[in-house]
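Below: one structure, written as structure tokens.
Because the structure is a prediction, the values reported are computed rather than measured. So that the names make sense, note that chain A is the first sequence line, chain B the second, and so on, each numbered from 1.
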There are 2 protein chains.
Amino acid sequence: MKQDLPERSAPARSANSRPGTGEKYERLLAGAAELMARRGFSETTMRDVARQTGFSLAGMYYYFHSKEDLLYQIQQRTFSTLLEQQQQAATGPGTARERLGRLIRSHLAFYVRHAHELKVCTYELESLTGEKYHAVERIRRDYFALAAQIVGQVMEEHGGRPASEKAVRHATLFLFGMLNWVFMWYRPRRDGSVDELADEMTAFALTGLVGSAP
Amino acid sequence: MKQDLPERSAPARSANSRPGTGEKYERLLAGAAELMARRGFSETTMRDVARQTGFSLAGMYYYFHSKEDLLYQIQQRTFSTLLEQQQQAATGPGTARERLGRLIRSHLAFYVRHAHELKVCTYELESLTGEKYHAVERIRRDYFALAAQIVGQVMEEHGGRPASEKAVRHATLFLFGMLNWVFMWYRPRRDGSVDELADEMTAFALTGLVGSAP
DNA sequence: TACCCTGTCGAACGTTCGTTCGAAACCAAC
DNA sequence: GTTGGTTTCGAACGAACGTTCGACAGGGTA
């Protein structure tokens, strides 16, 4: 009785199972995220995850349906939480510049607390297929729209009139480029706290190299 | 004049083989780079590369020793060419701001001409091991130093005194974040020419959101 | 013709992968 | 102690992977 649903993650075993919560389930996701962040999705084997989390190879499959499902759970949970947090940080009071500063700071703070998971979200979207891919991409698009809105407001606040859609889009992509590249180099001991880093990045985004004082 | 690197990729066949040049060899590297850029290194199988380039599976191994060697050849060749080009573009005459503009424009122009190869260079360093990893990392470090030097000059030119090493380092990493993220979204039809994009990015890097006019 | 070097390839080898299956262990409720 | 659902796992399966091997065609040279 295999599933014949086109996409879906499918029921698999009867109708019970897979609480979606629980201490062991969390440990599984966290362990998998750590390995996938370090080595990449396809370089991470289920045997690695089993060793890391203390489960047996077969035992893990009680909690999810497939390796891709495991990746999906990590991305969906992490990105949803981040988006929710950012919607609060970005829609609060203050000028557009202040909201942009909060967005950057809050993103980096989230990164510090969930580095592995966020790295997986950022770099492993393309390891998902079908509906899982589109579901995560939808969240990502929402997050981009949220940031683009603020960037547009900053540009309008300063320029006196709305900036072109393309200019806003590109500036937002520059911002995400900076944010997403942080995974590749940030080490607290060498680079200072994320609060400091957030200030530097905000200054760079607002006034660039020749506008920021050291 | 071939390498006798420590790490060695093993002699494999006698002492001949692997010209390192030749039309077929180029076709092999280009085809492999295209697949690896699109799907990633470990998702790209040797059978895929064979199909893409018209070789047989075994036939390809006349030209290199292993899959990792193939990846290394792509990265080493591409990055060396880029670095050489950028050393010229960045050490020419003009103010530091002008040199930064040339660096950005030249990097993006190279991206347009060698998109697949550069994407592989940017995202598949960690698929290399041992001496191959370190060899490519050395080129990457040189490229970073080149950019950091110009960024530092821009900051000094404006601030009147040298900026802190950390500030220069972080600003350079912000710049590379923007540049390297371009792979993820740039489409000429929608986003305009790379010359336009280079101008936008240079303006953003120099004066930020509130300094650039739309 | 005989020889050898350069390219090429079908077929296979050994390994590792994600996943499955049946059985066993656990445990609260009777 | 028996039951029945929940959770765990050793062992195996089939597929796919990178790589190798022996063979062989082509063509330049003696």
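The nearest whole Å value for the distance from the NZ atom in K67(B) to the P atom in dT15(C) is 19 Å. Look at CG on L57(A): it is 12 Å from C1' on dT8(D), rounded to the nearest Å. Between the C1' atom of dT19(D) and the NE2 atom of H65(B) lies a distance of 13 Å, rounded to the nearest Å. Between the C1' atom of dG7(C) and the CG atom of L28(B) lies a distance of 13 Å, rounded to the nearest Å. Y62(B) places its OH atom 21 Å from the C1' atom of dG18(D), with the value rounded to the nearest Å. Across the protein-nucleic acid pair, E23(B) atom CD and dG7(C) atom P stand 13 Å apart, rounded to whole Å.
In this structure, the side chain to side chain donor-acceptor pair (under 3.5 Å) partners of R51(B), at least two apart in sequence or on a different chain, are D48(B).
Between E68(B) and M60(A), the residue anchored nearer the 5' end of DNA chain D, judged by the nucleotide with its closest heavy atom, is M60(A).
Contacts of residues 37-50 of chain B with DNA chain C (heavy atom under 4.0 Å): R47(B).
Contact annotation: K24(A) side-chain N/O to dT8(D) OP1/OP2 distance is under 4.0 Å. Contact between the side-chain N/O atoms of Y63(A) and the OP1/OP2 oxygens of dT8(D) is found at a separation under 4.0 Å.
Paired with F55(B) under the rule ring pair (Phe, Tyr, Trp, His ring centres under 6.0 Å), one option of Y25(B), Y61(B), F64(B), Y63(B) passes, and it is Y63(B).
Of the candidates dT20(D), dG18(C), dT8(C), the closest approach to any side-chain atom of Y61(A) belongs to dG18(C). The side chain of F55(A) approaches dT8(D) more closely than any other nucleotide in the set dG10(C), dT19(C), dT8(D). Comparing atom distances between the A58(B) side chain and each of dT8(C), dT20(D), dG10(D) picks out dT20(D) as nearest.
Ion pairing between a basic and an acidic side chain is recognised when a charged N comes within 4.0 Å of a carboxylate O; E131(B) and R138(B) show such pairing. Between R105(B) and E98(B) there is no salt bridge, since none of the side-chain N atoms of the basic residue sits less than 4.0 Å from a carboxylate O of the acidic one. Under the 4.0 Å criterion applied to side-chain N and carboxylate O atoms, R77(B) and E26(B) are assigned as salt-bridge partners.
Ring centroids of F41(B) and Y123(B) are separated by 6.0 Å or more, keeping the two rings apart. Aromatic rings of F176(B) and Y143(B) (six-membered ring for Trp) have centroids within the 6.0 Å cut-off, being under it.
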